[in-house]
> 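Structure incoming, see below.
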Amino acid sequence: MRYVSTRGRMSPAAFTDILLEGLAPDGGLVVPEFYPRIDRATLARWRTLDYAALATEILAHYCSDIPRADLDRLTHATYTRATYGTDAITPLSMLAPGLYLLHLSNGPTLAFKDMAMQLLGALFEYVLAKRGERLNVLGATSGDTGSAAEYALRGRAGINVFMLSPHGRMSAFQRAQMYSLQDPNIFNIAIEGVFDDCQDIVKTVSADLDFKRRYRVGSVNSINWARVVAQVVYYFRGYFAATRSDEERVSFCVPSGNFGNILAGWIARQMGLPIERLILATNENNVLDEFFRTGRYRVRSSRETCATSSPSMDISKASNFERYVFDIAGRDPDAVRELWRRLDTRGEFDLSATPFWDKVRASGFASGSSTHADRLRVIREVLLSTGTIVDPHTADGIKVAREHLDERVPTICLETALPVKFAETIVEAIGRAPGRPCAYEGIEQRPQRCEVMPVDAQRVKDYIAAHAQ
Ligand SMILES: *Cc1c(COP(=O)(O)O)cnc(C)c1O
């Protein structure tokens, strides 16, 4: 399998060549040259595989330059009972007849991002060792992504992590999760500013190409292709868990922000998994819901992006969306370049009056959005009817899934985090805090280490230079 850019100006590259990269050199996103089609016989064979073996099968199509035996070793080292607490890795439970919840948040940082990030850590370490290279990962986080990256890369040979976070602006739990890591390859830098300041510093440092090359600076952001493809695995697993035969169809409902999670569902559908609908749920920041209802994709300014009680979905533009649009545009890079040129100049494009709109309508997507009040109500109702507490992001998904129920086809809601990460909202909804997995008891009391710095890219560069691999 080779990879090309959505903007068409990158020569085809192998998986291990794109693994460590962010944007394609032409500013686009890397995509596989085609989606492998999985026939019914293969689907039937995959139904009985355990999570790691299924991950090997799916990834083998996309990572054809990694020997299968090596891939198998990496997936089996990643998807373990020790890390996820169950043999199923992603268990399925019933919320109501025809409505299921796929549990994706039993990894080390209690959010679905671990599902992909843990494998990414293993893949990075493997490829760097093969090439005799080292890497310094630089990132900015407002909470979830940074901790998932740190727990995936802690203790890995040849990799240091420099993670910027806004000083004093994360919850005590999130701070403890990141800053209590004592691994010598993890460096937390608390910036005296907001998340956007952290993000800007990362951009400034990455724009200094000499520095980037000299210190082998890389990233693990949401556009990383390996993260997307690792997520494809749980759509297959969820499908097998909710059905008995490959004649049946299911729908998935996905709380969405950067369009990374649901993009994996789109890829699973393109591969031939019998998915009826992909139901996209947003919170008040409804950029994507607006697109799927009207055809208009209008990115928001940071002023227009509100801080909500499902903060991991507070996005102004959806970084992975370009990959879907590339497929809708018949994989024509000229069309994608033109649409993104319009987006850069006018802040929006509208597909409703173009031939692409029919393709969007036929692509199986539905959408809806949710508010703070909806979230609280769903958390209360799900607790009453099932005894389970769901987190606010998952609640956004359940709210929208209920609006699209179809009695012929079961709907699987993806759980994107555990409620303990968002205890304040849970207390507001049900009057008490959610329980904590025992590994996290007293985490706020553990010793923490982090470096506090002003909003100053040069200071961050000096720090990386002094501590780089
Ligand atoms: C990252 C995240 C999301 C959004 O996922 P995308 O892949 O960006 O669409 C939703 N919920 C939680 C809890 C997250 O951490």
Side-chain angles (χ1 to χ4, degrees), residues 18-25 27 109 113 117 120-121 123-125 127-129 131-172 174-224 227 302 319 446-469:
I18 57 132
L19 172 67
L20 305 172
E21 303 297 328
L23 282 179
T109 72
K113 292 198 173 65
M117 205 73 96
L120 194 70
L123 286 167
F124 270 30
E125 186 176 49
V127 169
L128 289 169
R131 299 184 162 188
E133 289 174 9
R134 289 163 293 153
L135 184 70
N136 294 291
V137 168
L138 172 64
T141 187
S142 51
D144 281 351
T145 315
S147 59
E150 290 188 353
Y151 280 76
L153 297 173
R154 62 188 292 202
R156 301 262 184 205
I159 306 173
N160 278 358
V161 180
F162 299 88
M163 192 58 67
L164 313 186
S165 51
H167 185 49
R169 284 172 189 268
M170 293 190 299
S171 73
Q174 286 177 317
R175 257 196 323 270
Q177 245 187 340
M178 291 177 55
Y179 300 172
S180 69
L181 285 179
Q182 301 297 329
D183 307 75
N185 72 325
I186 302 293
F187 299 89
N188 282 301
I189 303 175
I191 298 291
E192 293 170 319
V194 295
F195 171 66
D196 285 336
D197 296 318
C198 300
Q199 190 96 303
D200 287 344
I201 293 176
V202 170
K203 281 188 194 146
T204 307
V205 174
S206 304
D208 181 343
L209 295 183
D210 282 337
F211 182 87
K212 210 178 151 192
R213 213 167 299 127
R214 178 145 178 229
Y215 294 104
R216 301 166 301 276
V217 176
S219 65
V220 290
N221 49 26
S222 61
I223 58 164
N224 183 287
R227 279 180 64 182
S302 42
S319 52
R446 288 182 207 157
Q448 298 188 0
R449 45 193 273 277
C450 86
E451 194 77 26
V452 181
M453 276 185 212
V455 182
D456 180 350
Q458 188 56 46
R459 285 278 301 275
V460 172
K461 278 188 184 174
D462 294 345
Y463 187 82
I464 294 173
H467 299 91
Q469 271 273 346

> Who passes side chain to side chain contact (heavy atoms under 4.5 Å, CB included) against S171, sequence neighbours left out?
F173, Q174

> Tell me, which pairs form a salt bridge (Lys or Arg N to Asp or Glu O under 4.0 Å) where one or both residues lie in residues 133-143, sequence neighbours left out?
none

> Output every pair passing salt bridge (Lys or Arg N to Asp or Glu O under 4.0 Å) with a member in residues 209-222, not counting sequence neighbours, ordered by first then second residue.
D210-R213

> Show your reasoning for whether side-chain contact (heavy atoms from CB on, under 4.5 Å) applies to S222 and R227.
CA-CA 7 Å; S222 61; R227 279 180 64 182; 4.2 Å; yes

> If I take atom CD1 from residue I186 and atom SG from residue C450, how far apart are they, to the nearest 0.5 angstrom?
13.5 Å

> Can you name the nearest heavy-atom pair linking T141 to M178, along with the distance?
CG2-CE, 3.8 Å

> For a quick test of your reading: what N or O donor-acceptor pairs under 3.5 Å do the side chains of residues 460-469 make, sequence neighbours left out?
residue	atom	partner	partner atom	Å
K461	NZ	D208	OD2	2.6
D462	OD1	Q458	NE2	2.9
H467	ND1	Y463	O	2.9
Q469	NE2	N160	OD1	3.2

> Checking side-chain contact (heavy atoms from CB on, under 4.5 Å) against L128, which of L19, I159, L123 comes through?
I159

> What residue pairs, at least two apart or across chains, pass salt bridge (Lys or Arg N to Asp or Glu O under 4.0 Å) with a residue in residues 183-203?
R154-D183

> How close do Q448 and A176 get, counting heavy atoms only, and between which atoms?
NE2-CA, 3.5 Å

> Identify the two heavy atoms, one from S147 and one from T109, that lie closest to each other, and give their separation to 0.1 Å.
O-CG2, 3.4 Å

> Excluding sequence neighbours, so at least two apart, what forms side chain to side chain contact (heavy atoms under 4.5 Å, CB included) with A149?
M117, M163, V220

> Apply side-chain contact (heavy atoms from CB on, under 4.5 Å) to residues V205 and Y215 and explain how you reach the verdict.
CA-CA 11 Å; V205 174; Y215 294 104; over 6 Å; no

